[in-house]
Amino acid sequence: MTAPQARTSDKPNPGLEREHALDLLRQMVRIRRFEEKCVELYSAGKIRGFLHLYIGEEAVAVGAMQALEPGDAVVATYREHGHALVRGIPAEKIMAELYGKQEGCSGGRGGSMHLFDAATRFYGGNAIVGGGLPLAVGLALADKLQQRSRVTACFFGEGAVAEGEFHESMNLAALWRLPVLFCCENNLYAMGTALKRSESEVDLCLKATSYEMPAWPVDGMDVALCEAAARRAALAVRSGEGPCFLEFRTYRFRAHSMYDPQLYRTKAEIAEWEKRDPINLFEARLQEQGIISSDEIAAIEAAVAGEIDKSVELAEAGTWEPIESLTRFVYSDRTRP
Amino acid sequence: MEITYLKAINEALHEEMRRDENVFVMGEDVAELGGAFKVTEGLLDAFGPERVIDTPIAEALIVGAGVGAAMLGMRPVLEMQFGDFISCAFDQIVNTAATLRYRHGGLASCPIVIRAPSGAGVHGALFHSQNPEAWFTRVPGLKVVAPATPYDAKGMLKAAIRDDNPVVYFEHKRLYRSVKEDVPTGDFTVPLGVAQVRRSGDDLSIVTYGGTLHQALEAANIAEREDGISVEVLDLRTLLPLDREAILAAARKTGKVLVVHEDRLTGGIGGEIAAIIGEHAFEYLDAPVRRLAMLDTHNAFSPPLEEFILPNTAKIVAAVRDLWAY
């Protein structure tokens with residue numbers, strides 16, 4: 001059994017290929033800028049409802065997704081814009097979904113918390129904390145029963161650890177050695193409740209290892225370490241060794257949702273974490289190592305800005321679902337012949 | 001061949017698993033033990049442990065994992081050992097399964113069946129006696145069925161397994177071995193959403209389903225024999241979607257409707273049926289729609305108390321006479 005101690009975060013930078021490094025940076029910037037645009041659009045009343053920003057946590061989704069192949073599956077949470085973008089759902093389909101337009105990836109039916117795309121095997125955001133874990137177990141079970149060697153990556157926050165479904169799912173995945181990569185994004189606060197106020201045991205890896213599941217913590221602000229850990233875990237999962245649990249230690253820079261007075265944490269604490277902004281950290285490292293120039297960073301920013309502008313344009317031009325189709329897809333008329 | 005209600009369910013599982021390799025059965029003690037009521041007996045031997053799967057006691061996980069597998073084209077039949085335990089899976093049924101297709105713009109399917117042995121009259125006390133169907137009959141996206149006969153139990157389970165929607169299948173455990181019927185051996189299905197007139201009559205209609213169907217039929221015979229009242233009995237069979245036309249036809253035909261169910265009175269499907277009739281067949285009525293249901297209390301363990309709170313044949317006969325005299 002793997003002891004719950006740092007096993008990757010003490011390793012040096014694994015030496016990234018230049019192109020790959022640029023892509024990691026580009027993906028993180030895409031998420032950051034996309035969500036910054038979302039904030040603007042929210043203030044303008046273009047996006048409504050609930051909007052949970054991933055800003056600060058980008059390294060986790062970007063790093064972890066590197067370990068996945070096109071045939072693998074992803075299950076995410078209500079804070080899933082980043083995962084959806086990295087997984088390859090076109091930005092305009094995500095933006096249109098956030099608008100509630102029928103051109104959205106879920107037909108405008110779900111909005112921010114319910115992004116879905118079968119083509120990229122993105123089996124949904126989920127607005128119930130912990131609700132996605134049993135689904136991931138089921139996806140992996142189907143893969144195992146149908147003898148496919150695929151991984152299901154299941155993202156969830158540390159708040160989900162308090163849910164019974166977390167424990168039910170961890171137990172069964174381990175018992176049946178199902179190919180699930182459990183990616184716990186520990187941003188320290190379940191909405192406004194600090195981990196130490198809600199868990200008797202705050203070492204999350206210990207919970208996983210109690211189910212005989214290999215588990216280790218990862219510096220979730222370092223995209224290279226996130227990738228390395230996910231690759232190592234995914235390799236084990238893919239080779240049939242059963243599930244793995246990664247605790248990505250990260251931090252949400254913004255409010256839980258759009259309105260949140262953030263009385264549960266201090267400005268100083270936020271500022272301290274912002275010093276480890278995953279994008280700044282990685283950018284600085286790449287510049288230091290001479291891997292990337294300021295011009296190239298500017299080029300990435302420009303390309304990302306173009307993509308986001310286009311996504312807004314398409315979302316704006318999108319159409320509302322007609323009232324006549326209100327009950328469409330509540331039921332299927334199909335039966336298996 | 002004459003088979004029990006329980007055997008009918010068992011046969012449906014065997015036949016659908018033979019028919020479609022994507023069908024599998026999952027739940028607590030369904031494999032090695034053959035189910036707490038032996039409903040899944042023989043499946044493990046016939047289909048092996050990959051398709052007949054014992055799980056830990058984790059109802060939310062059973063349903064949630066079923067939904068995940070269904071998204072990849074499998075057709076899981078998930079057993080809640082007792083219908084009462086379905087409350088532990090409520091979130092996965094109501095939030096996840098029921099909304100899956102709608103939520104994803106029609107791009108995902110959730111062909112799962114959740115079997116739930118329900119019903120009182122077996123001295124099961126508070127948590128092994130309930131009829132929780134009304135928790136689900138107001139949830140769009142679900143289908144809710146409650147067959148009362150072996151023929152329907154078999155035909156509707158087969159239809160439910162082939163249906164592309166999540167179906168909650170309530171099987172009344174008092175019927176398991178008490179009801180027998182000739183059921184054809186060949187392949188057949190009974191369509192979901194279609195009620196069935198079980199007994200034709202002109203004076204008064206009983207609308208019922210599940211465990212109380214047999215009591216209603218018995219009561220109808222007594223009322224006819226002893227009082228000369230001609231009673232029609234409509235078996236709803238499916239509670240979501242309701243067969244509104246059949247309900248309205250029964251009301252229009254006799255002008256007097258008694259709804260009978262073993263679920264509690266308040267918030268039970270009987271209230272909805274009365275409302276449908278009141279809204280759409282008011283001018284045909286010769287009396288207010290009456291309801292006979294379990295009292296609004298907890299399922300009692302004490303035999304005289306359980307007897308007191310549940311509908312039975314004598315109470316249905318009395319209600320029929322009362323309504324007839326209106």
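Letters go in sequence order (proteins before strands), and every chain restarts at 1.
Only the side chain of A:Asn171 comes within less than 4.5 Å of a heavy atom in chain B; its backbone stays farther off. If you measure heavy-atom distances from B:Val139 to chain A, the contacts under 4.5 Å come from the backbone alone. Contacts between B:Ser109 and chain A at a heavy-atom distance below 4.5 Å involve the side chain alone, from C-beta outward. Of the two parts of B:Asp91, only the side chain, counted from C-beta on, holds a non-hydrogen atom closer than 4.5 Å to a non-hydrogen atom of chain A. For B:Leu142, the part sitting under 4.5 Å from any heavy atom of chain A is the backbone (N, CA, C, O) and nothing else. Contacts between B:Gln92 and chain A at a heavy-atom distance below 4.5 Å involve the side chain alone, from C-beta outward. With a 4.5 Å cut-off on non-hydrogen atoms, A:Arg121 touches chain B through its side chain but not through its backbone. For A:Gln146, the part lying near chain B is the side chain, with the backbone staying farther off; criterion is any non-hydrogen pair under 4.5 Å. For a residue to count as touching a neighbouring chain, one of its non-hydrogen atoms must lie under 4.5 Å from one of that chain's; by this rule B:Arg75 touches chain A with the side chain only.
Here the closest non-hydrogen pair linking B:Tyr102 and A:Val330 is CD1-CG2, 3.8 Å. When all heavy atoms of B:Ala60 and A:Pro134 are compared, the closest pair comes out as O-CB, 4.2 Å. When all heavy atoms of A:Asp143 and B:Leu72 are compared, the pair lying nearest together is OD1-CD1, 3.6 Å. Heavy atoms only, all atoms of each residue included: A:Cys105 and B:Leu107 are closest at O-CD1, 3.7 Å.
By number of non-hydrogen pairs under 4.5 angstrom with chain B, the leading residue of A:Leu135, A:Leu175, A:Thr327 is A:Leu135. By number of non-hydrogen pairs under 4.5 angstrom with chain B, the leading residue of A:Gly138, A:Gly124, A:Ala136 is A:Gly138.
Annotation: the span from B:Leu61 atom CG to A:Ser169 atom OG amounts to 5.0 Å, rounded to 0.5 Å. How far CG of B:Asp163 is from OG of A:Ser332: 7.0 Å, rounded to the nearest 0.5 Å.
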- Item | Full working for side-chain contact (heavy atoms from CB on, under 4.5 Å) between B:Arg103 and A:Arg109 | CA-CA 5 Å; B:Arg103 190 158 37 102; A:Arg109 284 291 182 76; 5.6 Å; no
- Message: For A:Tyr123 and B:Leu100: C-alpha separation, side-chain torsions, deciding distance, then whether side-chain contact (heavy atoms from CB on, under 4.5 Å) applies.
- Response: CA-CA 10 Å; A:Tyr123 290 106; B:Leu100 191 80; over 6 Å; no
- Task: Evaluate side-chain contact (heavy atoms from CB on, under 4.5 Å) for B:Met74 paired with A:Leu145, printing each intermediate quantity in order.
- Result: CA-CA 9 Å; B:Met74 309 282 294; A:Leu145 292 176; 3.6 Å; yes
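Between A:Leu115 and B:His104 there is no side-chain heavy-atom pair separated by less than 4.5 Å. No side-chain heavy atom of A:Glu168 sits less than 4.5 Å from a side-chain heavy atom of B:Ile62. By the 4.5 Å heavy-atom criterion applied to side chains, B:Thr99 and A:Phe329 are not counted as neighbours. In this structure the side chain of A:Leu141 reaches within 4.5 angstrom of the side chain of B:Phe24, judged on heavy atoms. The closest side-chain heavy-atom distance from B:Asp164 to A:Tyr331 is not below 4.5 Å.
For CG of B:Leu126, the number of neighbouring non-hydrogen atoms (other residues, nucleotides, ligands) closer than 6.0 Å is greater than 12. Annotation for A:Arg48: atom CZ does not count as buried by contact number, only 12 or fewer foreign heavy atoms lying within 6.0 Å. For A:Lys144, the NZ atom is densely surrounded, since the number of other residues' heavy atoms within 6.0 Å is greater than 12. When the shell of 6.0 Å around CZ of B:Phe90 is examined, it contains more than 12 heavy atoms from other residues, nucleotides or ligands. When the shell of 6.0 Å around CZ of A:Arg238 is examined, it contains more than 12 heavy atoms from other residues, nucleotides or ligands. More than 12 non-hydrogen atoms from other residues, nucleotides or ligands lie less than 6.0 angstrom from CD of A:Glu201. Other residues, nucleotides and ligands contribute at most 12 non-hydrogen atoms within 6.0 Å of the CD atom of B:Glu21. Within a 6.0 Å radius of CZ in B:Phe188, more than 12 heavy atoms belonging to other residues, nucleotides or ligands are found.
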